[in-house]
Number of protein chains: 2
Amino acid sequence: MKDNNHNHDHTCLVTVPIFNHLELEELNQITDLIRSKKYSKGELIFSHGQKSDTLYIIRKGQIKTYYLSENSKEHILRILTPGEFIGELSLFLNETNNAYAEAMTDCEICTIKKDDISKLMEVYPNIALKIINELSSRLKNVEKQVSWIATEQVEVRIALYLLEQVSPTQIEKIVHLNMTKKDWASYLGTTPESLSRKLGLLEDKNLIRQIDNQHILISDYKGLEDFSNQV
Amino acid sequence: MKDNNHNHDHTCLVTVPIFNHLELEELNQITDLIRSKKYSKGELIFSHGQKSDTLYIIRKGQIKTYYLSENSKEHILRILTPGEFIGELSLFLNETNNAYAEAMTDCEICTIKKDDISKLMEVYPNIALKIINELSSRLKNVEKQVSWIATEQVEVRIALYLLEQVSPTQIEKIVHLNMTKKDWASYLGTTPESLSRKLGLLEDKNLIRQIDNQHILISDYKGLEDFSNQV
DNA sequence: CGACGCTTTGACTATACTCAACCCGTGTGG
DNA sequence: CCACACGGGTTGAGTATAGTCAAAGCGTCG
């Protein structure tokens, strides 16, 4: 690839939680194992059924992973931002990926081969720990996602999602959506039409205000909490 | 506890994927770190919000983990059988559990303290690898579960679940449910009533036959596949 | 400027949920 | 040993939520 990266540029590594505890000398050794690759918006990084032996770490940009159902409806699993990785399934389980990964913006992605990461984990046991942390965290998130979709109705899911994006102490409670409403609807397990309508209802109740397509103001935090607890 | 286990009984360990690659001498050292505890049917092993520093490994019996939604509807996340573990959230992330774990049958469960497992991982790096494998596998499963619930309608979810439980080469395609239909409905993100009705419809189409409450025969595998692909 | 994709709104419909009653099997206690 | 209670499972009727399809507005990018 034209943009291989062999000049000991650590910007890829130090921003990655998996590696950010390592010393400079250690980073130098690792850098040689890593390739950097650019993807443009809309490009697929891997697709369903593909068996890859590579771990992908986001360096710049944003990507989404999604499932494609039998009747080809896509369901967004998660949005990844710099520092996060994908590809752990084929990497650690030796199974095929069952999801798709697509660049939402132009991206720069570091790749490491399965064999190399195995070697690294032997030398630096902390890397394994970091990976375990990351996987645990993702597990927690998906479990929450599935339980919301399974038990709550759409309007409540929206409320819960918004509440989660801000801290109770935050003064200006503005949620910045890092995806389109179409993707958001998919993530919440609903349709764009329903999402649009339910957002309207929450606005009518004076709980939120839609600033633009990417920003939503929680105008009544307490009220939104009450709503999500009693419906 | 009256049933602590300090007599170098390895039956707990060798059946556990995390440890089954270790040598006998190594097992001896580890056994001392492990407590065995009995739970009776219906007992809670941990509950939402609880911060535990313990990893629980199922030795005998079966347990289920579930979420409780705001309006107190439970959603089954997974059924655990011997060899599997829970508690990794508070263990590796130092966060509170957000799920409940309950014994479905009388159980025997091995517990290891957070600090001890950390030490073990330093000495035996393979343990970390096994944990990564297990977490990856669970991640894959939950991601599939959430995508099914988000995109497929109930009848298709049932079909997909059944298809997944048997191998295409198996002659007698009988699915043994290791849970009640009530729990199954919850796992599939629906209600017992809907599950009952949809199972009836699948039976009317001659795709399956309900033998009893725990056993379902797939009488037309190909037909069931076609059904799940085109609805 | 035009095309494309996202978003919204409207009208209609269908899926699946709720509530209620009833059936059944199991386990407990008299 | 029988009676009963309990929880799981099924069936029925009615309804509500949210999905579908269609059209039109809007914003962005080439």
Side-chain angles (χ1 to χ4, degrees), chain A residues 40-42 64 66 69-76 79 102-106 148-159 177-204 208-216 227-228 231, chain B residues 40-42 64 66 69-76 102 104-106 148-159 177-204 208-216 227-228 231:
Chain A
S40 41
K41 183 175 173 178
K64 62 180 176 184
Y66 58 91
S69 78
E70 323 295 338
N71 42 41
S72 70
K73 273 174 56 177
E74 93 175 25
H75 175 241
I76 305 275
I79 307 289
E102 180 186 322
M104 297 173 75
T105 63
D106 290 349
W148 283 358
I149 294 180
T151 59
E152 309 289 357
Q153 47 198 63
V154 173
E155 208 171 338
V156 177
R157 285 180 229 161
I158 298 171
L177 301 167
N178 51 6
M179 53 186 141
T180 62
K181 285 191 176 168
K182 186 169 173 281
D183 283 346
W184 191 22
S186 163
Y187 178 85
L188 293 173
T190 184
T191 58
E193 295 95 326
S194 293
L195 175 60
S196 175
R197 280 185 249 272
K198 300 300 181 184
L199 280 173
L201 289 178
L202 289 173
E203 235 172 352
D204 291 347
I208 65 167
R209 212 178 71 233
Q210 303 189 60
I211 300 171
D212 58 42
N213 277 334
Q214 304 279 321
H215 297 271
I216 291 174
F227 171 78
S228 70
V231 174
Chain B
S40 40
K41 183 176 173 177
K64 63 179 175 183
Y66 58 91
S69 77
E70 322 296 336
N71 41 43
S72 71
K73 273 175 56 178
E74 93 175 25
H75 175 242
I76 306 275
E102 180 187 322
M104 298 173 73
T105 63
D106 289 349
W148 284 358
I149 294 180
T151 59
E152 310 289 356
Q153 48 198 64
V154 173
E155 209 171 337
V156 178
R157 285 179 229 164
I158 299 171
L177 301 168
N178 52 5
M179 54 186 141
T180 63
K181 286 192 178 169
K182 187 169 173 280
D183 282 347
W184 191 23
S186 163
Y187 178 84
L188 293 174
T190 182
T191 58
E193 294 96 326
S194 294
L195 175 60
S196 175
R197 282 184 247 271
K198 299 300 182 184
L199 280 173
L201 290 178
L202 289 173
E203 234 171 353
D204 292 346
I208 65 166
R209 212 177 70 234
Q210 303 189 59
I211 301 171
D212 58 42
N213 277 334
Q214 304 280 322
H215 296 272
I216 290 173
F227 170 78
S228 69
V231 174

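Because the structure is predicted, anything quoted here is derived from the model rather than measured. Per chain, numbering begins at 1; letters A, B, ... match sequence-line order.
Looking at every heavy atom in both residues, B:Glu152 comes nearest to A:Ser69 through OE2-CB, 3.0 Å. When all heavy atoms of A:Ile208 and A:Glu203 are compared, the pair lying nearest together is O-CG, 3.3 Å.
Using a 4.5 Å heavy-atom threshold, the side chains of A:Arg209 and A:Ile216 count as separate. A 4.5 Å side-chain heavy-atom check between B:Phe227 and B:Glu155 finds at least one atom pair inside the cut-off.
Judged as a salt bridge (Lys or Arg N to Asp or Glu O under 4.0 Å), and not counting sequence neighbours, B:Glu102 has no contacts. For A:Lys64, the salt bridge (Lys or Arg N to Asp or Glu O under 4.0 Å) partners at least two apart in sequence or on another chain are A:Glu74, A:Asp183.
Taking every heavy atom of residues 193-203 of chain B and every atom of DNA chain C, pairs under 4.0 Å involve B:Glu193, B:Ser194, B:Arg197, B:Lys198, by number.
Phosphate contact (OP1/OP2 of D:dC29, side-chain N/O of A:Lys41, threshold under 4.0 Å): absent. Contact check, A:Thr190 against D:dG19: a side-chain N or O comes under 4.0 Å of OP1 or OP2. When the side-chain nitrogen and oxygen atoms of B:Gln210 are compared with OP1 and OP2 of D:dG9, none of them lie within a distance under 4.0 Å.
If you check D:dT10, D:dG19, D:dG8 against the side chain of B:Lys182, the one that comes closest is D:dG8.
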Item to complete: Check step by step if side chain to side chain contact (heavy atoms under 4.5 Å, CB included) holds for A:Leu199 and A:Gln210.
Response: CA-CA 8 Å; A:Leu199 280 173; A:Gln210 303 189 60; 3.5 Å; yes
Worksheet entry | Derivation and outcome, side chain to side chain contact (heavy atoms under 4.5 Å, CB included), residues A:Met104 and A:Met179 | CA-CA 8 Å; A:Met104 297 173 75; A:Met179 53 186 141; 3.9 Å; yes
Worksheet entry | Test side chain to side chain contact (heavy atoms under 4.5 Å, CB included) applied to B:Lys198 and B:Ile158, step by step | CA-CA 8 Å; B:Lys198 299 300 182 184; B:Ile158 299 171; 3.5 Å; yes
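Atom pair A:Glu155:CD and D:dA16:C1' shows a separation of 13 Å (rounding to whole Å applied). In this structure, the CD atom of B:Gln153 is 13 Å from the C1' atom of D:dA18, given to the nearest Å. The distance from atom CD1 of A:Ile211 to atom C1' of D:dG27 is 18 Å, rounded to the nearest whole Å. Across the protein-nucleic acid pair, B:Asn213 atom CG and D:dG7 atom P stand 17 Å apart, rounded to whole Å. Atom P of nucleotide D:dG9 and atom CG of B:Leu188 are separated by 13 Å, given to the nearest angstrom. What separates NZ of A:Lys181 from P of D:dG27 is a distance of 12 Å, to the nearest Å.
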List the atom pairs, donor and acceptor, that lie under 3.5 Å between side-chain atoms in residues 188-197 of chain B and the rest of the protein, sequence neighbours left out.
unit_1: B:Thr191; atom_1: OG1; unit_2: B:Ser194; atom_2: N; d: 3.3
unit_1: B:Thr191; atom_1: OG1; unit_2: B:Ser194; atom_2: OG; d: 3.1

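Put simply, chain A comes within 4.0 Å of DNA chain C, heavy atom to any atom, from C:dC6 to C:dA11, going 5' to 3'.
In this structure, CD on B:Gln214 lies 8.0 Å from CG on B:Asn178, to the nearest 0.5 angstrom.
Direction of the helix axis in the helix from C:dC1-D:dG30 to C:dG30-D:dC1 shifts by 40° between the two five-pair termini, rounded to 10°.
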